[in-house]
Structures are given as structure tokens and as C-alpha cells.
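What follows is a set of notes on a single structure, which appears directly below.
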Amino acid sequence: MKIIHSIKELKQSLQVERESGKKIGFVPTMGALHAGHLSLMRQSVKDNDVSVASIFVNPTQFNDKNDLATYPRTLEKDCELLEAVGCDYVFAPDESEMYPEPDTRIFELGRVAEVMEGAHRPGHFNGVAQIVSKLFEVVEPDKAYFGEKDFQQIAVIREMTRQLNLPVEIVPCPILREADGLAMSSRNVRLTNEQRQKAPLIARTLKESTTFVPGKSVEEVKEYVIRTINQDPVMRVEYYEIVDGKTLESIREWSETEEPVGCITVFCGEVRLIDNIKY
């Protein structure tokens, strides 16, 4: 496995691979890798001749400077994990490599970027679109892999890819969970012992709520989820929306969509956790 820090060197290396007819898979990450990330890389290795991971904590997608400052950075360990699952190239640029000058592009991504995370984290998805579009232009992958925990992010990246007419297939991969149900996340390492014990309540409540469908209304299911999680003093629901899985628009009746998805964000102490479930 090669670790590369410059755009020029990566492009040259991948051009050689491409000219020999090899298909390239890509897993963009911000590092602090866990088994969920590694499952994406395993899928890429299975599907492609060459697999690339990027490790870059992208400053333009953080609207909270404290969140950026505290985001875990573990490059050496990350590279060891990636090599063990068959990754061929790790692209680990510094900020000046990706942003030699400020990226002033504003993406008009429509409703998929305005609801839920878009409403609560202004500018977040524009930052995601900036960095992912840059990485796609550098790597030029045939397929790119994203975890379904970031359900809304996948919709945003699909829209950005469509608008820019980039020839890359976006491949969503299932959420990986800890044994107690907690969705794997790089942020989980910031939970205290008490918070870590309480956090599985999110997934447990979401799963329980699926047993109410279609007997209870959308509003009743939403109220149950929010009330149940908020009863724990360590937890605070920021939002819980049940949406159409394609448009991400909130639904009022189960009959409005064939693909209802519940998307939640919860503060567990100061740590912001996201999850989702398909109904």
C-alpha cells in the first residue's frame, strides 16, 4: 500500500493503473477509522482492481469550530487498518494541498441539502460537496462508497455528482453497528463511559418504533421516538424526521411513500450522534 500526500503524485499513479485497464474504487473518509469504514473498503476491494482511500478532515464542512478541533486524528493507525483489508493507495493531503486558495463555490443542491442536517448545520453540505467533488476530480473513480449512516449525505453527493456530470457510481453500504446496536461512528470515542452505555437507546428506540407501523400514524411514531430518548437525562433529540427515502421530504401519511426512512440526530452529552432506520 502506498501513502501519498500530493495530488500530482496520486494522479500520476492512478493514471498508470487506468491505462492498464484497471477499475478504481474510492472510499473518502475523515480518518479515525472504525469497522464501518473498513466494510466500505472491503466492498471496494471486492468490486474493483484498485482501491483508494482518502483521509482528510475537511474544514469547510464543519460549522462548529470546536467540533473540527476535537475531531479525532489517527493517521498511522488508520493506514495500518486500511492496509490489512487490501487498500492500495491512501491519499492523506494537508489543508494547503486541497485548498491552495479558498473554495468559493456555492452548490445549489436543492431540497435534499436544505432539510434535516442542512437546516441544523448551515453550510455543512456545501462543504461536503466542495471536498467530495475535488476528491472525485483527483481520483476519477469508477465507483465511490459511502455508509448509509449518513443517509442524507448520500442523497446530496448523488445530486452533486449529477449536476457536475461526473462519471462515478455512488455505492451506498449498510450501517455497521456495535454489538449493542449503536451505529459505528468516529465520534463514539468521545463518549464518556456513562454516555457510551446510554447511547444504544437511540438504535433500540428506532427499532422498537418499526413495530408500530402501520398501526400508528407517522406523527405518533415520531412522538414516541422523541419522548422515549428525551426521557434519558443524558440525551437530547435535535430532530427526528420520517421522510421519503428519495426526496427526503417529510411525510405525514405512510401511504405517501414506498420508502419511508426515519432520520435522527441526538446529543449524547456534547457528542452529536446520527442514525436512521427504514420503515
Side-chain angles (χ1 to χ4, degrees), residues 1-18 24-34 37-38 40-41 44 50-83 87-109 113 117-118 121-142 144-147 150 153 156-157 159-161 163-168 170 185-187 189-190 272:
M1 187 182 79
K2 287 186 72 173
I3 302 169
I4 295 176
H5 302 284
S6 85
I7 290 172
K8 183 179 179 183
E9 185 185 348
L10 184 68
K11 285 177 80 78
Q12 287 173 341
S13 296
L14 293 180
Q15 188 58 30
V16 172
E17 304 280 17
R18 212 171 280 109
I24 296 172
F26 179 43
V27 179
T29 84
M30 293 205 299
L33 302 186
H34 51 69
H37 295 111
L38 301 180
L40 304 182
M41 180 51 67
S44 176
V50 174
S51 289
V52 182
S54 62
I55 296 175
F56 179 66
V57 182
N58 175 42
T60 72
Q61 71 192 66
F62 285 84
N63 57 332
D64 179 344
K65 285 182 176 159
N66 184 56
D67 198 16
L68 173 61
T70 58
Y71 199 89
R73 291 161 172 82
T74 54
L75 180 61
E76 193 173 323
K77 184 187 172 195
D78 292 342
C79 289
E80 290 172 5
L81 292 169
L82 287 166
E83 186 165 27
C87 180
D88 298 292
Y89 295 92
V90 171
F91 179 47
D94 62 21
E95 191 174 332
S96 63
E97 186 71 12
M98 293 311 299
Y99 297 104
E101 53 194 44
D103 189 340
T104 56
R105 292 176 297 164
I106 302 295
F107 290 81
E108 299 294 339
L109 297 162
E117 290 292 283
R121 300 178 69 187
H124 167 68
F125 283 129
N126 198 73
V128 169
Q130 287 176 343
I131 191 59
V132 175
S133 62
K134 279 175 172 281
L135 290 167
F136 281 179
E137 286 164 14
V138 172
V139 178
E140 296 180 55
D142 295 281
Y145 298 80
F146 296 88
D150 298 294
Q153 177 176 273
V156 167
I157 289 169
E159 177 60 20
M160 178 271 292
T161 303
Q163 288 187 12
L164 297 180
N165 200 27
L166 299 174
V168 54
I170 306 303
S185 168
S186 300
R187 288 187 167 88
V189 298
R190 292 172 50 200
R272 192 172 184 272

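All values below were derived from every heavy atom in this structure, side-chain atoms included, with hydrogens, water molecules and symmetry-related copies excluded. Residue numbers start at 1 and run along the sequence shown.
To the nearest 0.5 angstrom, Met30 atom CE is 7.5 Å from Ser186 atom OG. Note: Asp88 CG to Met1 CE = 9.5 Å, rounded to the nearest 0.5 Å. The structure places CD1 of Ile131 at 12.0 Å from CG of Asn126, a figure rounded to the nearest 0.5 Å. Between the CD1 atom of Ile170 and the CZ atom of Phe136 there is a distance of 4.0 Å, given to the nearest 0.5 Å. One distance of note links CD of Glu76 with CG of Leu81; it measures 11.0 Å at 0.5 Å rounding. Going from atom CD1 of Ile4 over to atom NZ of Lys11 covers 12.5 Å, rounded to the nearest 0.5 Å.
In terms of heavy atoms, Ser51 sits closest to Ser44 at OG-OG, 2.7 Å. Of all non-hydrogen atoms in Ala53 and Phe26, the two that sit nearest each other are C-CE1, 4.2 Å. Across Phe146 and Ala144, no two heavy atoms sit closer than the pair CE1-CB, 3.8 Å. Here the shortest heavy-atom pairing between Gln130 and Asp103 reads NE2-O, 3.0 Å. The two residues Leu33 and Thr29 have their closest heavy-atom pair at CD2-OG1, 3.6 Å. Here the shortest heavy-atom pairing between His37 and Ala32 reads CE1-O, 3.9 Å.
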query = Could you walk me through whether Gln12 and Val16 pass the side chain to side chain contact (heavy atoms under 4.5 Å, CB included) check?
reply = CA-CA 7 Å; Gln12 287 173 341; Val16 172; over 6 Å; no

task = Begin from the C-alpha positions of Glu17 and Tyr89 and carry the test side chain to side chain contact (heavy atoms under 4.5 Å, CB included) through to its verdict.
result = CA-CA 11 Å; Glu17 304 280 17; Tyr89 295 92; 2.8 Å; yes

request  = Applying side chain to side chain contact (heavy atoms under 4.5 Å, CB included), run through Met160 and Leu109 and close with a yes or a no.
outcome  = CA-CA 7 Å; Met160 178 271 292; Leu109 297 162; 3.9 Å; yes

Derivation of the side chain to side chain contact (heavy atoms under 4.5 Å, CB included) call for Phe62 and Val57 = CA-CA 9 Å; Phe62 285 84; Val57 182; 3.9 Å; yes

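Just one of Arg272, Gln61, Arg190 meets the side chain to side chain donor-acceptor pair (under 3.5 Å) condition when paired with Asp67; it is Arg190.
For the pair Asp78/Val90, no side-chain contact is recorded, criterion being any heavy-atom separation below 4.5 Å from C-beta on. Inter-residue side-chain proximity for Leu135 and Met98 is flagged as met; some heavy-atom pair is nearer than 4.5 Å. Taking 4.5 Å as the limit, every side-chain heavy atom of Thr60 sits out of range of all side-chain heavy atoms of Val128. Side chains of His5 and Asp94 form no contact here, defined as non-hydrogen atoms less than 4.5 Å apart. In this structure, the side chains of Leu14 and Glu140 stay at 4.5 Å or more apart for every pair of heavy atoms.
The closest donor-acceptor contact from the side chain of Ser6 to the backbone of Glu9 lies under 3.5 Å. Using a distance-only test at 3.5 Å, with no hydrogens or angles considered, no donor-acceptor pair links the side chain of Glu117 to the main chain of Asp150.
Partners of Arg18 by salt bridge (charged side-chain N to carboxylate O under 4.0 Å, His left out), not counting sequence neighbours: none found.
Between the side chains of Asn58 and Tyr99, at least one donor-acceptor pair of N or O atoms lies under 3.5 Å.
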